[in-house]
Novice: 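Pasting a structure below so you can have a look.
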Amino acid sequence: QAEDGIRYRDVTGVHLPGTIDKAGDTFDSIPDGWAAINAIPDAGVAQLILFVGFLELGVMKDVTGEAEFPGDFRNGSLDYGWDNFD
């Protein structure tokens, strides 16, 4: 699925417009694949790590104790009745 997005970009040549930082670097200047990791500034990598850490510790948890399976973070909401389709 994520790979499809990469293929789409490679086939169509569609890139996000604009700049990725205040220095004026464009989205087009970031290489594809693992090479992109080295192109991200240290502050950007730190920002990504802190944001993911915040999500893991503060948002993505079973608050109500109603989780039916690992990764079930609905916390009693968003029950669209999918379990009724047998």
Side-chain angles (χ1 to χ4, degrees):
Q1 291 70 6
E3 192 175 289
D4 292 340
I6 293 169
R7 285 187 199 143
Y8 175 79
R9 188 179 78 177
D10 290 344
V11 171
T12 63
V14 175
H15 294 270
L16 292 173
T19 59
I20 196 168
D21 60 11
K22 292 185 180 191
D25 297 322
T26 63
F27 285 99
D28 288 338
S29 68
I30 304 296
D32 297 335
W34 286 107
I37 299 296
N38 295 329
I40 300 173
D42 292 339
V45 172
Q47 183 180 23
L48 286 169
I49 292 170
L50 288 172
F51 181 65
V52 170
F54 165 74
L55 289 176
E56 288 288 333
L57 297 174
V59 178
M60 305 294 249
K61 56 178 154 181
D62 181 20
V63 178
T64 61
E66 300 175 11
E68 298 175 13
F69 50 87
D72 180 11
F73 303 120
R74 293 176 294 171
N75 293 316
S77 65
L78 298 174
D79 187 9
Y80 296 116
W82 296 109
D83 55 345
N84 296 330
F85 295 112
D86 287 331

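Here the structure is a predicted model, which is why all the values come from computation and not from measurement.
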Novice: I'd like to know if Val59 and Phe51 are part of one continuous hydrophobic network [Ile/Leu/Val/Met/Phe/Trp/Tyr, side-chain heavy atoms within less than 4.5 Å].
Specialist: yes
Novice: Under the side chain to side chain contact (heavy atoms under 4.5 Å, CB included) rule, collect the residues that match up with Val45, sequence neighbours excluded.
Specialist: Ile40, Ile49
Novice: Which residues, ordered by chain and number, are linked to Trp34 in its hydrophobic cluster, where ILVMFWY side chains connect at heavy-atom gaps below 4.5 Å, directly or through other members?
Specialist: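 Once heavy-atom contacts under 4.5 Å are chained together, Trp34 belongs with Ile37.
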Novice: Ala46: what forms a side chain to side chain contact (heavy atoms under 4.5 Å, CB included) with it, not counting sequence neighbours?
Specialist: none
Novice: Which residues pass the side chain to side chain contact (heavy atoms under 4.5 Å, CB included) test with Ala35, sequence neighbours left out?
Specialist: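 Pro31.
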